[in-house]
Asks: 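One structure, pasted below without further comment.
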Amino acid sequence: MSAPPNVTDPNYKPLPGRLGNLTSEQKHALATFKQELISEGIFVPERMDDAFLLRREHHQLPRKFDVAKAKEMLKAAEEWRKTEGVDDILDTFVFTEKVDVDKYYPQYYHKTDKDGRPIYIEILGKLDIDALYQKTTQDRQIKRLISEYERSSKHRFPACSEAFGHPVETSCTILDLNNVSISKFYYVKDYVSRASSISSNNYPETMGKFYIINAPWAFSAVWSAVKPWLDPVTVAKINILGTSYQGELFKQIPPENLPTQLGGTCQCPGGCSLSDAGPWKTAEEATTTAAQ
């Protein structure tokens, strides 16, 4: 497939390395990758469309796809899925402590940015590690993380793609560091390390935009020192903002899609952090209703 399916947005222009904007070499690499997976019995048609395969190839070497490395990564990811029971995690895992955990470490999806990406929000400043681990465990947090990645792949991204008329394959993340101390970073470093590894190895190329708001001066200084060593494509996705972040954030996110806590105007009934509001909610509800 040389172009993404079901595009109705007349202004949509795919990024380099995505369907609809591939070089001849990249098209050949995609075809080779897919054929090798089929030949080796690895290919899963229900999950591995061309966009899925391209994300793995693009993750290995953005300008010149590496089929061998992408295949190695995919094999490892498939083994991981079997070990963790990922294929049916949305049916078998229920995060029953969600309401309690939200009080001590809010992490949630909420509506979309202007490009149709689901917005993921994490409020690190509210972290209360003692209270948190009275309600849950790190292993259950990791299972919740995996289930949310699967929910994004199966529900959020498809629903956003349909609503915006073009492929949506990435999220827009907001990390709020208001009132965050070095000790809070230390408390969650193991969880963050595990979460980062899962994301990079099993859900690559799904970060579209990343805003770190209310960043203290020291954090900004460290970022300035580290940034030259990072891939320019990754750097372009990350914005480090201080306390006057709303103007920059509103360039990407409509105020009505941002909770009032972060300077927006949205006030979901029962609280934005528990609403899971977005195009996917309507689609998911419709699917559930039809199945009943």
Asks: Taking only residues two or more places apart in sequence or in another chain, which ones pass side-chain hydrogen bond (donor to acceptor under 3.5 Å, both in side chains) with Glu148?
Replies: Arg151, Arg156
Asks: Side-chain donor-acceptor pair under 3.5 Å between Thr170 and Arg117, yes or no?
Replies: yes
Asks: One thing to verify: whether Lys71 and Glu40 come together as a salt bridge, which I'm taking to mean a side-chain N less than 4.0 angstrom from a carboxylate O.
Replies: yes
Asks: With sequence neighbours left out, which residue pairs that include part of residues 88-111 fulfil the ring-ring contact (aromatic ring centres under 6.0 Å, His included) condition?
Replies: Tyr109-Tyr120
Asks: Applying side-chain hydrogen bond (donor to acceptor under 3.5 Å, both in side chains), can you list everything that pairs with Lys251, at least two apart in sequence or on another chain?
Replies: Glu248
Asks: Can you find a side-chain donor-acceptor pair between Ser273 and Asp102 that sits under 3.5 Å?
Replies: yes
Asks: Assess, by modelled atom type and distance only, whether the side chains of Tyr149 and Ser199 contain a donor and an acceptor separated by less than 3.5 Å.
Replies: yes
Asks: Does some side-chain heavy atom of Pro158 sit less than 4.5 Å from a side-chain heavy atom of Trp280?
Replies: no
Asks: Could you tell me which non-hydrogen atom of Pro16 sits nearest to which non-hydrogen atom of Asn21, and how far apart they are?
Replies: N-ND2, 3.3 Å
Asks: Check the side chains of Gln141 and Arg194 for a donor-acceptor pair under 3.5 angstrom, ignoring hydrogens and angles.
Replies: no
Asks: Would you say the side-chain atoms of Asp115 and Gln252 include a donor-acceptor pair closer than 3.5 Å?
Replies: yes
Asks: Any chance CD of Glu162 has more than 12 other-residue heavy atoms, nucleotides or ligands included, within less than 6.0 Å?
Replies: no
Asks: Can you sort out the partners of Lys34 under salt bridge (charged side-chain N to carboxylate O under 4.0 Å, His left out), two or more places apart, ordered by chain and number?
Replies: Asp50
Asks: Set out, in order, the CA-CA distance, both residues' side-chain angles and the distance that settles salt bridge (Lys or Arg N to Asp or Glu O under 4.0 Å) for Arg81 and Asp87, then state yes or no.
Replies: CA-CA 7 Å; Arg81 291 182 70 88; Asp87 284 346; 2.9 Å; yes
Asks: Restricting to salt bridge (charged side-chain N to carboxylate O under 4.0 Å, His left out), what partner residues turn up for Glu72, sequence neighbours left out?
Replies: none
Asks: Looking at every heavy atom in both Tyr245 and Leu262, which two are closest together, and how far apart are they?
Replies: OH-O, 3.1 Å
Asks: Arg140: which residues meet the side-chain hydrogen bond (donor to acceptor under 3.5 Å, both in side chains) condition with it, sequence neighbours left out?
Replies: Glu97
